[in-house]
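The next block holds one structure in the form of structure tokens; read it before the comments.
Residue numbers begin at 1 in each chain, while the letters A, B, ... track the order of the sequences. What you see is a predicted model; the values in this text were computed from it and never measured.
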Amino acid sequence: MKTDDLIELLATGVVPVDRNASRHRLGIGLSLAGLGSLLMMMWKFGVRPDIASVIPTPLFWATLAFPLCMAAGALLVTARLARPGAGVGLGWPALAAPVAAVWLAGIGVVATAAPADRLPLILGSSWQVCPFHILLLALPAFVAIFWAVKGLAPTRLRFAGAAAGLLAGAVGTLAYCFRCPESSVAFWGIWYLLGMILSSLAGAVLGPALLRW
Amino acid sequence: VLSAETRLRTLLVGGLAGDAAAYRAFLGDLTRHLRGYLRKRIPQLSSDVEDLVQEILLAVHNARHTYRTDEPLTAWVHAIARYKLMDFFRARARRESLHDPLDDHADLFAISDDEPSNARRDIGKLLDHLPEKQRLPIVHVKLQGLSVAETAQLTGLSESAVKVGVHRGLKALAARVRSVV
């Protein structure tokens, strides 16, 4: 087929394109991601038994705030990297800000605590499993977000994969907050973050293979 | 460059709104730019230029829903062209690590710049390998210019199946093009 014929083929019978198609696709992917991670959390771990009493507390919402901000930043970066030629722009500061805030707060909490309390503040009671639980909960989100990103024609596959993986990790962490008994900001800053970073690394490794189009 | 950006963008925006003539003009203009870009980038592989042009055109078409009209079109197109060019280099490197280099001294006299470059891979033939529910909608709607309703009547598919068939078929075609570099 000659190039002119291909042009003719592509142009014939074109239908108007939904200008919000990429937003819709990401929206669908993100909804499925949240749903999938929540279901995985309920199936594998179950909601923490004292959920009713912790929901009204500011501490619980502070727990949610960190992965929520990370998810927002990762979504910003993912949405950019998922489309050809869009720079990341404000994405990096949007990701760095919540990390910096949690680390500053964590360092403050640990520094002002009595020496004997410091290690428990950092390790909590679940540091060995926390990142891996997050990774497990991120799995359905990972699938949904990669599906959405693949349909948006990313051209820098490793970066797009890392961003999508981070977003999945943040969604997984968000779901894990309904299970996790830890209440120390120093704990979140290390183990939650580690779970998200592992997910992001998985995305960077798998991106070039999974996102090719 | 500025005027080309403006002209191409206007045409593409028309195309995205469903204006086939504007879209055809956009693809035609784009083809000329792509040829120039690729001939400069891979002068030693001139016989691959037309294949790459076609692959990039198909990619641009399949990705057209990701273009936002408030963003520079050059950056968007360039990212796609570069992506497909890198893909081509990777596939070529893989191929050449398995076999001897494709070119040898006998090729020397076959090279002539006046020769209109032809695509070596025939997208028309690849089309024949698509499943019927994708191939028929493309043949009727995109090649013969029938309407979606006429195609639906002719093939017994529903109208939405025809639209989906065209959409998925062109994506499948791009995937086949990719694997037959």
Side-chain angles (χ1 to χ4, degrees), chain A residues 1-29 76-91 145 147-161 163-164 207-213, chain B residues 15-21 23-28 31 35 50 53-54 57-69 71-80 82-84 86-87 118-119 122-127 138 141-148 163 166 170-171 174-175 178:
Chain A
M1 184 178 283
K2 287 195 164 38
T3 304
D4 283 346
D5 299 329
L6 178 65
I7 292 175
E8 194 55 40
L9 179 151
L10 293 177
T12 303
V14 282
V15 286
V17 171
D18 175 10
R19 305 305 299 127
N20 287 314
S22 29
R23 284 194 194 92
H24 285 166
R25 194 174 173 101
L26 267 182
I28 293 170
L76 196 64
V77 176
T78 305
R80 299 289 189 105
L81 287 175
R83 293 183 302 112
V88 174
L90 288 174
I145 292 164
W147 165 81
V149 170
K150 188 185 165 78
L152 293 182
T155 55
R156 293 154 75 193
L157 304 190
R158 206 169 286 286
F159 285 108
L210 294 181
L211 296 175
R212 260 188 101 204
W213 59 284
Chain B
L16 290 175
D19 178 347
Y23 193 53
R24 186 178 299 114
F26 163 75
L27 293 174
T31 299
R35 264 191 209 124
E50 210 57 24
V53 166
Q54 293 191 357
L57 284 177
L58 202 50
V60 163
H61 179 79
N62 284 336
R64 68 197 191 286
H65 62 290
T66 65
Y67 177 63
R68 295 232 177 111
T69 42
E71 287 171 355
L73 178 61
T74 325
W76 183 80
V77 168
H78 181 256
I80 295 176
R82 198 175 158 278
Y83 171 64
K84 287 297 175 186
M86 292 301 149
D87 220 31
N118 280 317
D122 190 347
I123 289 187
K125 288 211 181 91
L126 293 178
L127 186 58
I138 292 179
V141 176
K142 303 296 263 178
L143 282 174
Q144 298 172 352
L146 298 183
S147 73
V148 168
K163 286 185 204 159
V166 170
L170 289 177
K171 292 217 154 170
R178 205 174 60 206

Examine whether an atom of B:K163 lies under 4.5 Å from a heavy atom of chain A, and if so say whether it belongs to the side chain, the backbone or both; otherwise answer neither.
-> neither
Structural part of B:E71 lying under 4.5 Å from a heavy atom of chain A | side chain
Measuring heavy-atom distances to chain A, does B:K84 have an atom under 4.5 Å in its side chain, in its backbone, in both, or in neither?
-> side chain
Let me know if B:L146 has heavy atoms under 4.5 Å from chain A in its side chain, its backbone, both or neither.
-> neither
Do B:Y83 side-chain atoms and A:W213 backbone N/O form a donor-acceptor pair below 3.5 Å?
-> yes
Most contacts with chain A, counted as non-hydrogen pairs under 4.5 angstrom, among B:Y67, B:Y23, B:F26 = B:Y23
Taking atom CD1 of B:I123 and atom CG of A:D5, what is their separation to the nearest 0.5 Å?
-> 10.5 Å
Run the numbers on A:R19 and B:T69 for side-chain contact (heavy atoms from CB on, under 4.5 Å), then give the verdict.
-> CA-CA 9 Å; A:R19 305 305 299 127; B:T69 42; 3.7 Å; yes
How many angstroms lie between CD in B:Q54 and OG1 in A:T3, if you round to the nearest 0.5 Å?
-> 4.0 Å
Which bit of B:R82 comes within less than 4.5 Å of chain A, counting heavy atoms only: side chain, backbone, both or neither?
-> neither
Across all chains, not counting sequence neighbours, the salt bridge (Lys or Arg N to Asp or Glu O under 4.0 Å) partners of A:R212 are B:D87
Closest heavy-atom pair and its distance - A:M1, B:G124 = CB-N, 3.6 Å
Interatomic distance, B:L27 atom CG to A:L6 atom CG [nearest 0.5 angstrom] | 8.0 Å
List for me each residue that meets side-chain contact (heavy atoms from CB on, under 4.5 Å) alongside B:A174, sequence neighbours excluded, and say none if there are none.
-> B:L58, B:N62
Identify which part of A:I7 has an atom lying under 4.5 Å from any heavy atom of chain B, answering side chain, backbone, both or neither.
-> both
Minimal heavy-atom distance between A:V14 and B:A20, with the atoms involved, is CG2-CA, 3.7 Å
Checking B:R24 side chain against A:A11 main chain: does a donor-acceptor pair fall under 3.5 Å?
-> no
side-chain contact (heavy atoms from CB on, under 4.5 Å) between B:H65 and A:H24, intermediate numbers included = CA-CA 11 Å; B:H65 62 290; A:H24 285 166; over 6 Å; no
Look at A:D4, A:N20, A:L152, A:T155 and state which one has the largest set of heavy-atom pairs under 4.5 Å with chain B.
-> A:T155
What is the distance from atom CE of B:M86 to atom CG of A:L157, rounded to the nearest 0.5 Å?
-> 12.0 Å
Most contacts with chain B, counted as non-hydrogen pairs under 4.5 angstrom, among A:G85, A:A82, A:A153 = A:G85
Considering only heavy atoms, which portion of B:A25 lies under 4.5 Å from any heavy atom of chain A: side chain, backbone, both, or neither?
-> neither
Working to the nearest 0.5 Å, report the span between OG1 of A:T12 and CD1 of B:I138.
-> 12.0 Å
Euclidean distance, A:K2 NZ relative to B:D122 CG, rounded to 0.5 Å | 9.5 Å
